[in-house]
Amino acid sequence: MSSHSTGSNQKVAILESAAPPLPCFTQAVISKGMVYCSGFVGCESVNDTGSHSRQQYGLPFDLKLVQGGVKEQTILILSHLSKALQAAGSSLDDIVQARVYLTDLEQDFAEMNRIWVERFPKDMSPPARTTIGVAKLPMGACIEMDCIAELSAGSS
C-alpha cells in the first residue's frame, strides 16, 4: 500500500492488490482514527482484449465483473474491502457502518445476506448496515458496498 496526505489530517490509502479505483475515486481515506472505504463492485483488473471497460468508462486499465452473480460479486467485494482496510491499518472486524447497494432487492437480498451473516454473525456484533435498491451500478454490477471502519488498535 502507498498513501499520501491531502493537506488536512487525511491520508489517502492506495492499494495495488485490490481492484484499482476509477480515476476520480480513492480506495480509502484515513481521517481522525477512521477509515472511509469507497464503494467496491465485484470486478477485477484484467488483461483481456474482450473487455470494453477501458473505452466505456475512460479507464487507464481494463476491469471485468467476476463470473456468476450476487454471491460471487459479494465474496469478491468483501475481499477487496478486507485488503483495503488491512492496508489502511484496519480490518473487516473494525467496520462500524456499511452500505450495500443492490440493483434487484427481491432477487439478490437473501443471497447477499447469507454471505453477510457468514462473515458478520449476529453473535459477533455485526456493523450497522443499510441496504439500498438502485437502478444501475458501474460495470453492470448487481451489488456495490462501501464502509466506515475504525483504525485497529496501534494503527495511526
Side-chain angles (χ1 to χ4, degrees), residues 1 12-30 34-152 155:
M1 176 198 81
V12 175
I14 302 165
L15 178 65
E16 291 82 14
S17 64
L22 299 178
C24 56
F25 291 100
T26 58
Q27 292 165 324
V29 173
I30 304 163
M34 303 297 284
V35 181
Y36 300 84
C37 285
S38 294
F40 281 90
V41 294
C43 62
E44 302 172 299
S45 57
V46 294
N47 293 324
D48 182 356
T49 57
S51 174
H52 301 290
S53 61
R54 184 182 301 239
Q55 297 161 336
Q56 183 177 1
Y57 294 100
L59 303 176
F61 45 78
D62 283 312
L63 293 174
K64 194 172 199 175
L65 278 177
V66 66
Q67 295 288 339
V70 73
K71 176 182 178 181
E72 292 78 11
Q73 289 181 37
T74 302
I75 291 167
L76 185 57
I77 290 167
L78 289 171
S79 173
H80 289 326
L81 285 171
S82 177
K83 290 174 185 176
L85 289 167
Q86 285 175 353
S90 188
S91 74
L92 292 175
D93 293 334
D94 297 313
I95 294 175
V96 294
Q97 196 267 331
R99 287 180 294 252
V100 178
Y101 306 89
L102 291 169
T103 57
D104 190 336
L105 280 169
E106 282 188 40
Q107 178 178 321
D108 294 334
F109 181 83
E111 185 65 28
M112 176 279 300
N113 214 42
R114 273 191 283 283
I115 295 157
W116 182 269
V117 170
E118 285 175 15
R119 178 54 191 91
F120 302 103
K122 287 187 181 188
D123 61 344
M124 299 292 288
S125 299
R129 187 186 86 193
T130 301
T131 304
I132 305 158
V134 297
K136 288 182 116 177
L137 290 169
M139 309 288 302
C142 57
I143 183 170
E144 180 173 352
M145 285 187 200
D146 64 30
C147 70
I148 301 169
E150 294 178 318
L151 283 173
S152 298
S155 297

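Position 1 is the first residue of the sequence; numbering continues from there. Values reported hereafter were calculated over all heavy atoms of this structure, with side chains retained and with hydrogens, waters and symmetry mates removed.
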Exercise. Taking side chain as C-beta onward, heavy atoms only, is Asp94 less than 4.5 Å from Met34?
Worked result: no
Exercise. If you look at every heavy atom in Met139 and Leu65, which pair is closest and at what distance?
Worked result: O-CD1, 3.2 Å
For this session: Check whether any side-chain heavy atom of Tyr36 sits under 4.5 Å from a side-chain heavy atom of Asp146, and report yes or no.
Result: no
For this session: Provide the closest heavy-atom pair for Leu92 versus Phe120 in the form atom of the first, atom of the second, distance.
Result: O-CE2, 3.5 Å
Seminar exercise, completed: Leu102 and Phe109 have their tightest heavy-atom pair at CD1-CA, 3.8 Å
Exercise. Hey, what do you get for CG (Leu105) to CE (Met112), rounding to the nearest 0.5 Å?
Worked result: 8.0 Å
Seminar exercise, completed: Output for pair (Glu144 CD, Phe40 CZ), nearest 0.5 Å, gives 10.0 Å
Problem set entry | Sub-4.5 Å side-chain heavy-atom contact between Ile143 and Asp108 | no
Exercise. Looking only at heavy atoms, which two atoms of Arg129 and Val100 are closest? And how far apart?
Worked result: CD-CG2, 3.7 Å
Seminar exercise, completed: The reported gap from CZ in Arg99 to SG in Cys37 (rounded to nearest 0.5 angstrom) is 11.0 Å
Exercise. Looking only at atom types and distance, does a side-chain atom of Ser90 sit under 3.5 Å from a main-chain N or O of Glu150, one as donor and one as acceptor?
Worked result: yes
Exercise. Less than 4.5 Å apart, any side-chain heavy atom of Gln97 and any of Thr130?
Worked result: yes
Seminar exercise, completed: dist Thr74:OG1 -> Ile115:CD1 (nearest 0.5 Å) comes out at 4.5 Å
Exercise. Looking only at heavy atoms, which two atoms of Met145 and Leu81 are closest? And how far apart?
Worked result: CB-CD1, 4.0 Å
Problem set entry | Spacing of CG belonging to Asn113 relative to CD belonging to Glu118, to within rounding of 0.5 Å | 10.5 Å
For this session: Look at the side chain of Gln73 and the backbone N and O of Cys142, then say whether any donor-acceptor pair between them is shorter than 3.5 Å.
Result: yes
Exercise. For the side chain to side chain contact (heavy atoms under 4.5 Å, CB included) test, which of Val96, Leu85, Val35, Leu78 pairs with Cys147?
Worked result: Leu85
For this session: Check whether any side-chain N or O of His80 sits under 3.5 Å from a backbone N or O of Glu44 as a donor-acceptor pair, and report yes or no.
Result: no
Seminar exercise, completed: One should read off an interatomic distance between Glu111 CD and Asp104 CG, to the nearest 0.5 angstrom, of 13.0 Å
